[in-house]
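Here's the structure we're looking at; comments come further down.
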Amino acid sequence: MYLERHLKDLEAESIHIFREAAEQFERPVLMYSIGKDSSVLLRLALKAFYPGPIPFPLLHIDTTWKFREMIAFRDATAREHDLNLIVHTNQDGLAQGINPFSNGSAVHTDVMKTQALRQALEHYKFDAAIGGARRDEEKSRSKERIFSHRTVDHRWDPKKQRPELWQLYNGRLSPGETMRVFPMSNWTELDVWEYIRQEDIPIVPLYFAAERPIVERDGMMIMVDDDRIPLAPDETPKTLRVRFRTLGCYPLTAAIESPAANIAEIVDEIRAAKTSERQGRLIDKDQAGSMEKKKEEGYF
Amino acid sequence: MLEETTSEIPLDVETHAVEEKSILRFLTCGSVDDGKSTLIGRLLYDCQQIYDDTMESLSSESKTYGTTGTAVDLALLVDGLQAEREQGITIDVAYRYFSTPVRKFIVADTPGHEQYTRNMATGASRCDLAIILVDARKGVVTQTRRHSCIVHLLGIRHVVLAINKMDLVDYDQERFDEIVADYSEFAAKLGIEHIVPIPLSALEGANVSGKSERMPWFNGPTLLEHLQAVEVSPTNRHAGLRLPVQRVSRPNLDFRGYAGQIAAGTVRPGDEVVALPAGKTSTVKRIVTYDGDLQEASAGDCVTLTLADEIDISRGNVICAKEDRCQVSDQFAAEIVWMSEEPMLKGRPYVLRINQQTTLCQVSRLKHRVSVETMEHISGRQLELNEIGVCEMTLDKPIVFEPYMQNREFGGFILVDRLTNETVAAGMIRFALRRADNVHWQAVDISKQVRARQKLQKACCLWFTGLSGSGKSTVANLLEKRLFALNRHTYLLDGDNVRHGLNRDLGFNDIDRVENIRRVIEVSRLMVDAGLITLVSFISPFSAERRTARERFETGEFFEIFMDTPLEICEQRDQKGLYAKARRGEIANFTGISSAYEPPENPDLVLGGGQQSPEDLTETVLAYLQAQGVLETD
Ligand SMILES: Nc1nc2c(ncn2[C@@H]2O[C@H](COP(=O)(O)OP(=O)(O)O)[C@@H](O)[C@H]2O)c(=O)[nH]1
């Protein structure tokens, strides 16, 4: 197995961070969102603690609107690695019937993701949530620390971040405060794909081009993953050869037209890419700085 | 020193395809409006790291926030948070990424204004190279010098002097040469090793990735060529092994491994190692990784080692090559960059973190502050936000370390406030304090000053006077403990330890009392002569005897501290039942009852005993001594 040096360096940095998180916190949890970044994150965690098991549980916030293939992949992965997987859904939101179609992406995301995460963190008393966010994803993330402090009410205060020097991470918390830990801060999207290729890491097949039933909404190609999607009388899904660059709730995740059917082809495509991966995420579309606002409110 | 760099650095993939793609972490610094954001935007743009949809939102943002009129303002690519963008400034360290076929670049982008010291230090801590931007019209300015000092302090050895806005000085070679000469002179004084000057126009992209036709006189590399080719300090592969243990891995009874990232050196099974600070030795059995056991691992690798012997190793311990060990000490001198609004307090306990070790520590002495414009020493009593000082640190337990300039990961530490949990400072260890090294005794007469300097302190006599039960000894004891913790060498003389030995032959008649005090004065003089901070806790009721004492010392060496506790309180306390006895007439000449106490007329310090806790009184004395410069040295 051959791993390029820059990827080896990134891997080492991430492993170091994972081990720090395991040692510095009492109840850390690994945020597992099933996408490609989570797949890499999981591999890094397995490496960090080998030959031991991952010394903390994985948490999936299930909005109930994920692609079915994602859920199948999640459960298979958990079985294969004998993971301690916690799945949490905001039951209040579910009872209220919150969904992306009638409530819109903003409300759906707030209730089923942001609030759900807070519920889970509080319920299980997790003091650190380890996630796969990268600094290159979005401008406001570029300033975020690797150990990123959250106030008692889960807010991120960009003006009061702790200086983070060398590889010294200050994980000290006062009661009720929590930390977000981002082992993959310094990875780019291309790094992630190259790593997946060189390490041969399994990912959800939705990343590969295939024929899928698609409807067009506001110029976005939305996959008809189940019959909860309301179709207009004259609307019939078209079968198109598409793939996904990021994965989330299926009604909020746009497909891209692409022939890339394996990792090598994806890497080539990303290298030549002309649009950023966030383009396919409807929740960022609102306005400049929207991600920043969400984060201050506690979105992961 | 200026470097000659060849300009023949191919950019194409072919030539480099066989070489390994590496990571270069660099820092960009410049004053506001020198064109830093434009330059980074340009690098990103030229390396095609900017996507169409980003460009799209950029051109709409350019109209709102931009400074380039109708053209797309590349600077907006890197101006992060909304709040900052509205103010038109960047306020923190932001990280950017781009890559070419031969290198991945991680850019720490730090602002050039107010908080620059803190932010730059943070950004610089992991960088190997710094781009220092200069506006060609302005030349080397104060900010340029500041940035260079911090870059140097944080151990960055490679500097690119990016002279920007050449388009505004007609691409003039003379102007360029003038700035380079100016900067080189300053940098030489600092001791910056490698400087590569490049004339640029970030706005036009001149000499960023492509050669500028407007500056044919420049034969050096373009910025990107240099960034791709520069050989940064080799990893510490060839040093002795240093593996700071992050965690002990014990998945089952048969396996006990030590996980960590190798900070320096190389390790192979069979190597002899020592675990510090304990010093137990063993040999390496296996190098375990998820991808299989390794025959060799070196600096940068994350591994889990197993050893041939069962020795006690825990998180924070360091596994070193047996023949090439790190230093271990609980006292060292370090440069400290203060990063908190709350100033640094000498003697206050902070949590110190260095690699995986954590301990409480105190700053025992601020030797001097350092000017960030010249690196010159300035005297000072405390460090404020964004100030830098050279300090002596005293730790609660010994740590394993190396001088920062030798090994950043082993010499860089942070200080954390115990209450707020904020990271309040960053430090770079210079050397362990081996006190005896400081005096070359063959050459000098051993005087009081020399003895005191050896102890890194000023010798003096602190004379506590006051009624029995006034709290003299309590405060003197607490004070001695505090001084001890601050690494001061002390001795406490009081009735108990003097009466039982040296003055065992003396009673309580007038003659014996005078002799008693005389001996105490002489002993404390000897102790001060020996270089000690000598605390004397004696009722010493008479002004005359205290005056005699003062006269036996040099000016500024004797401090009369009056425990002004009212008689009623002392009598209430009456720990030894002496007042009761005296009241019953069982003790003759008891001070305060049957013998007068003459309160000092001009004491150096009055302590309101009975009103404040002994701890607070102790702090008052300490603050007083600090104010008097007694705790300073030299
Ligand atoms: N003429 C000229 N203007 C420049 C150059 N580089 C930057 N600028 C302009 O200088 C101003 C400040 O640039 P900016 O990148 O925001 O500076 P920063 O504060 O250092 O990030 C902007 O109006 C830029 O367009 C250059 O090389 N030539």
Side-chain angles (χ1 to χ4, degrees), chain A residues 1 3-13 15-16 19-20 22-23 43 46-53 55 134-136 139-140 142-143 149 158-170 172-174 177 185-188 190-191 273-279 288-289 292-293, chain B residues 20-23 51-54 57 61 78-83 85 91-97 99 103-104 106 118-119 121-122 125-126 246-247 249-251 255 257 259-261 288-291 300-302 304 315 339 351 353-356 408-409 412-414 416 420-423 426:
Chain A
M1 183 219 57
L3 193 55
E4 278 187 277
R5 190 166 127 209
H6 70 290
L7 295 177
K8 224 176 138 189
D9 287 353
L10 289 173
E11 176 191 81
E13 179 178 77
I15 289 175
H16 175 88
R19 291 172 176 169
E20 281 306 291
E23 289 295 313
R43 171 63 59 91
L46 290 168
K47 288 195 176 196
F49 302 107
Y50 181 85
R134 294 176 276 110
R135 284 180 180 144
D136 86 320
K139 271 195 224 166
S140 75
S142 74
K143 307 204 161 186
H149 181 263
K159 298 248 179 338
K160 285 185 86 171
Q161 299 201 86
R162 296 173 179 176
E164 198 162 70
L165 293 102
W166 301 290
Q167 293 193 75
L168 295 175
Y169 305 109
N170 175 2
R172 289 172 64 101
L173 296 170
S174 300
E177 294 174 347
S185 288
N186 286 325
W187 295 57
T188 61
L190 183 59
D191 295 329
K274 283 274 166 218
T275 53
S276 72
E277 65 186 310
R278 285 211 162 254
Q279 195 204 26
E292 177 190 338
K293 284 196 184 122
Chain B
E20 280 217 283
K21 182 167 169 175
S22 56
I23 297 182
Y51 297 122
D52 284 351
D53 56 327
T54 313
S57 77
E61 283 175 31
V78 296
D79 281 344
L81 303 181
Q82 196 172 37
R85 219 158 32 202
I91 53 165
D92 204 326
V93 192
Y95 294 88
R96 325 276 172 205
Y97 305 86
S99 66
R103 263 198 176 149
K104 170 183 166 94
I106 301 181
R118 173 169 115 165
N119 292 332
T122 303
S125 68
R126 289 203 74 193
Q246 274 190 290
R247 62 193 311 267
S249 170
R250 303 192 66 178
F255 189 90
Q261 183 171 21
V288 180
T289 77
Y290 178 90
D291 302 300
D301 295 344
C302 280
T304 300
R315 171 172 163 87
M339 300 182 154
V351 177
R353 273 247 172 106
I354 180 165
N355 47 62
Q356 268 58 251
R408 281 165 142 195
E409 295 296 335
F413 62 86
I414 55 169
V416 177
T420 63
N421 294 327
E422 294 300 321
T423 303

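All values derive from a computational prediction rather than experimental measurement. By convention in this document, chain letters (A, B, ...) are assigned in the order of the sequence lines, proteins followed by strands, and residues within each chain are numbered from 1.
Residues B:C302 and A:A12 approach most closely at SG-O, 3.2 Å, considering heavy atoms. When every heavy atom of A:L165 is checked against every heavy atom of B:S125, the shortest pair comes out as CA-OG, 3.4 Å. The heavy-atom pair separating B:Q261 from A:E13 by the smallest distance is NE2-N, 4.5 Å. Taking all atoms of both residues into account, the shortest heavy-atom contact from B:K104 to A:N186 is NZ-O, 3.0 Å. Residue A:R172 comes nearest to B:V416 through the heavy atom pair CD-CG1, 3.7 Å, listed as atom of the first residue, atom of the second, then distance. Taking both residues in full, the closest heavy atoms of B:Y97 and A:D136 are given as CD1-CB, 3.9 Å, listed atom of the first, atom of the second, then distance.
At a threshold of 4.5 Å between non-hydrogen side-chain atoms, the residues A:E20 and B:Q356 count as touching. Between B:V351 and A:N170, every side-chain heavy-atom pair lies at or beyond the 4.5 Å cut-off. Looking at heavy atoms from C-beta onward, A:R19 lies in side-chain contact with B:T304 at the 4.5 angstrom threshold. Counting heavy atoms from C-beta outward, A:Q161 and B:V93 have side chains that stay 4.5 Å or more apart.
Without hydrogens or angle criteria, A:D9 side chain to B:G300 main chain gives no donor-acceptor distance under 3.5 Å. Between the side chain of B:R126 and the backbone N or O of A:Q167 there is no donor-acceptor pair closer than 3.5 Å.
With chain B as the partner, the residue from A:L168, A:L46, A:L190 showing the most heavy-atom pairs under 4.5 Å is A:L168. Counting heavy-atom pairs closer than 4.5 Å to chain B, the top residue among A:E11, A:R162, A:H16 is A:H16. When the candidates A:S185, A:A48, A:P51 are compared by the number of heavy-atom contacts under 4.5 Å with chain B, A:P51 comes out ahead. For the set B:A426, B:G257, B:G412, the count of heavy-atom pairs under 4.5 angstrom toward chain A peaks at B:G412.
Distance check: A:F49 CZ to B:Y290 OH gives 13.5 Å after rounding to the nearest 0.5 Å. Interatomic distance, OG1 of B:T289 versus CD1 of A:I15, reported as 8.5 Å (0.5 Å rounding). Between the OH atom in A:Y169 and the CD1 atom in B:I414 there is a gap of 11.0 Å [rounded to 0.5 Å].
Evaluation of the ring pair (Phe, Tyr, Trp, His ring centres under 6.0 Å) rule for B:Y95 yields no partner, not counting sequence neighbours. Here B:F255 pairs with nothing under the ring pair (Phe, Tyr, Trp, His ring centres under 6.0 Å) rule; sequence neighbours left out.
Using a 4.5 Å cut-off between heavy atoms, B:E422 contacts chain A through both its backbone and its side chain. Contacts between B:R315 and chain A at a heavy-atom distance below 4.5 Å involve the side chain alone, from C-beta outward. With a threshold of 4.5 angstrom between heavy atoms, B:I106 approaches chain A through side-chain atoms but not through N, CA, C or O. Proximity to chain A (any heavy atom under 4.5 Å) is shown, for B:S22, by both the backbone and the side chain. With a 4.5 angstrom heavy-atom cutoff, A:L173 touches chain B only via backbone atoms.
Exactly one of A:K47, A:R43, A:K8 qualifies for a salt bridge (charged side-chain N to carboxylate O under 4.0 Å, His left out) with B:D291. That residue is A:K47.
Of the charged side-chain nitrogens involved, at least one lies within less than 4.0 Å of a carboxylate oxygen, so that B:R247 and A:E23 count as a salt-bridged pair.
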